[in-house]
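Just below is one structure, and these are the notes that go with it.
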Amino acid sequence: MAKTKLLISRKLYPEFEGDSLIIALPSGVKTTPKELKSLDDKIDNILSQVLKSEEFGGKASETFIINLFGKYGLRKIILVGLGDTKELNAEQIRKSTAAGIRVAEKTGGEVGVLYSQLPDSLTFEILIKVGVEGALLSLYRFDKYKSPNNDNHKTISSIAFIVPEEVNVIALNRILKTAETIAYMVWFGREITNLPGNEFSPSSFALQARKLAKKPKVKIDVLEKDRLKKLGMNAILAVGQGSEHSPMMIVMEYGGGKKGGKPVVLVGKGVTFDSGGISIKPPSNMDEMKQDMAGGAAVLSAFKAAVELKIPINLVGIIPTVENMPSGGSYRPGDIIKTHSGITVEVLNTDAEGRLILADGLSYAKKFKPEAIFDIATLTGAAKIALGTVGCAILSYDDELIEKLQKASEDTGEKVWRLPLWKEFDKQIESSVADIKNTGGRAGGTITAAKFLGKFAEGYPWAHIDIANVDYAESDGELWRKGATGFGIRLLISLIRNWNS
Ligand code: BES
Ligand code: MN
Ligand code: ZN
């Protein structure tokens, strides 16, 4: 879909001439703020009248359209509420900006955004960062397969963030560019997550990674069947053996940090379609399992951001990617697999495939002597039972890594919640015939899955992010539309950008 030009502008209407001007205000503003007086004069004090009438109350994400029908050279003024100033935070700015943009999108064309009457703590640096994120995140749509005559939405060609004369535009432009790059990485991650199984297979994933190979300080290696066999990666091989598409382990290295410094390793689940395999899933909503590579997409997107933004970090991205299918060649319940780490696993459910491919990914990660390992995966339906669809689950034995994730979460607005890894859960994954089994029963399903993964990351600080409850939206939200949300991409980018601070 078409990208939107973003800019910072010092021009307030009447000089701003576009299609829609979005004015974001907290609740309880009943008179026209002084920077809007000249605009108000020009439009016969309509703004003052609206504010006085209290038809627009400024509640969080409330919108009110003043349609000028182009009479004053501007088609629409869109008022959008920021809610109570005392509760106002960056995430609400994202959401309110998004709400305004969604209204402006109905007209399309050139849009201006102006924030007014905000507390000083919300600096223009913050406003531009989160304003750009809110605008671009809300605009993404998955329309690749829509014929043009079947898709009649309008396009916003530009968004100008309007700031006062005295503000340093050069610094703000840098912030705008960075936020824009990050938001487009979320678009990228959403796009490949939305691609269906027939359009996106493990080799498509590898192709996307290989596109980065020519960038400075980047090395891309894709381990295919022969090498997976030689390395003893029997877990990923087992999960992939039922599909016509061969499994692959994508390994990406970026040396943006100190030469020889230990890297941070990100491991992402890349199941391009999860039918459940021989333990086949019920048909309802099985289509949603095209998104079972959202963790891998998050790792690739964050890796791309590190390269593009030249983040000063040594980073390794590992994406085990497979298609989980039932066939005469599939792995079966009862199979015993010797994983790359040497740990043997009894397969009791072929639908618990994510932890198997991640097991090989996590144990392979140790070869890079990581400073820390994070994995991100659409791992368990139980995550939704535990947390609904509001925030994801994070699990770790390491309080410092949890703290880093919580900090990143505060930065991006993507909520995280820690679940425990109590040792009492270990017995749920004990096997009578192998070292462990790949299911832990219904009780604490997100925890036992993480317990399983932990066995393969032993000896290194490790944290697990389960996004199965948040990666895919069943209906439109403020910052996304139905489909892939890209949850976790900004979280990972924030994590690595602030790694050493
Ligand atoms: N990919 C699924 C988890 C999932 C479910 C993600 C719903 C998004 C929405 C995963 O591979 C899976 O099937 N997990 C099983 C594990 C069980 C068999 C132990 C689950 O959660 O039911
Ligand atoms: Mn599964
Ligand atoms: Zn899965």
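None of these values were measured; they are calculated from a predicted model. In each ligand, atom 1 is the first atom listed, and ligand 1 is the first ligand listed. For the single chain, residues carry numbers from 1 onward in sequence order.
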Residues 227-240 vs side chain to side chain donor-acceptor pair (under 3.5 Å), sequence neighbours excluded, gives Asp221-Arg227
(message) Side chains of Ser201 and Ser204 only: does a donor on one sit below 3.5 Å from an acceptor on the other?
(response) yes
So, are Glu403 and Arg418 salt-bridged, with charged N and O less than 4.0 Å apart?
no
- Message: I'd like to know if the side chain of Thr344 and the backbone of Ile337 have a donor-acceptor N/O pair within less than 3.5 Å.
- Response: no
Ligand 1 polar-atom proximity to protein (N/O, under 3.5 Å):
residue	atom	partner	partner atom	Å
ligand 1	1 (N)	Lys269	NZ	3.3
ligand 1	1 (N)	Asp274	OD2	3.3
ligand 1	1 (N)	Asp292	OD1	2.8
ligand 1	1 (N)	Asp292	OD2	2.9
ligand 1	1 (N)	Thr378	O	3.4
ligand 1	11 (O)	Lys269	NZ	3.2
ligand 1	11 (O)	Asp274	OD2	2.9
ligand 1	11 (O)	Asp351	O	3.1
ligand 1	11 (O)	Glu353	OE1	2.8
ligand 1	11 (O)	Glu353	OE2	2.9
ligand 1	13 (O)	Lys281	NZ	2.9
ligand 1	13 (O)	Asp351	O	3.0
ligand 1	13 (O)	Asp351	OD1	2.8
ligand 1	13 (O)	Asp351	OD2	3.1
ligand 1	14 (N)	Leu379	O	3.4
ligand 1	21 (O)	Gly381	N	2.7

Open item on the list: Quick check against the 3.5 Å criterion: does Ser341 have a side-chain atom that pairs as donor or acceptor with the backbone of Ser363?
Closed with: no
Other residues, nucleotides and ligands only: do more than 12 of their heavy atoms fall within 6.0 Å of CD on Glu474? no
> Ion pair present between Glu133 and Lys129, side-chain N to carboxylate O less than 4.0 angstrom?
Replying inline: yes
Total protein N/O/S atoms sitting under 2.8 Å from the Zn ion (ligand 3), waters ignored, is 4
Describe, in one word, how the ring planes of Phe368 and Tyr364 are oriented to each other, choosing from parallel (under 30°), tilted (30 to 60°) and perpendicular (over 60°).
perpendicular
**Asked** Taking the six-membered ring of Tyr184 as reference, does the NZ or CZ atom of Lys3 fall below 6.0 Å from its centre and within a 45° cone about the axis?
**Response** yes
Value for CE (Met325) from OG (Ser243), rounded to nearest 0.5 Å, stands at 6.0 Å
Protein N/O/S atoms closer than 2.8 Å to the Mn ion (ligand 2), ordered by chain and number, come to Asp274 OD2, Asp351 O, Asp351 OD1, Glu353 OE1
* Asked: Using the ring of each side chain (for Trp, its six-membered ring), is Phe374 parallel, tilted or perpendicular to Trp499, with breaks at 30° and 60°?
  -> perpendicular
Rounding to 0.5 Å, atoms CG (Asp471) and OG1 (Thr193) come to a distance of 7.5 Å
Q) Can you tell me if NZ on Lys281 sees more than 12 non-hydrogen neighbours from other groups inside 6.0 Å? A) yes
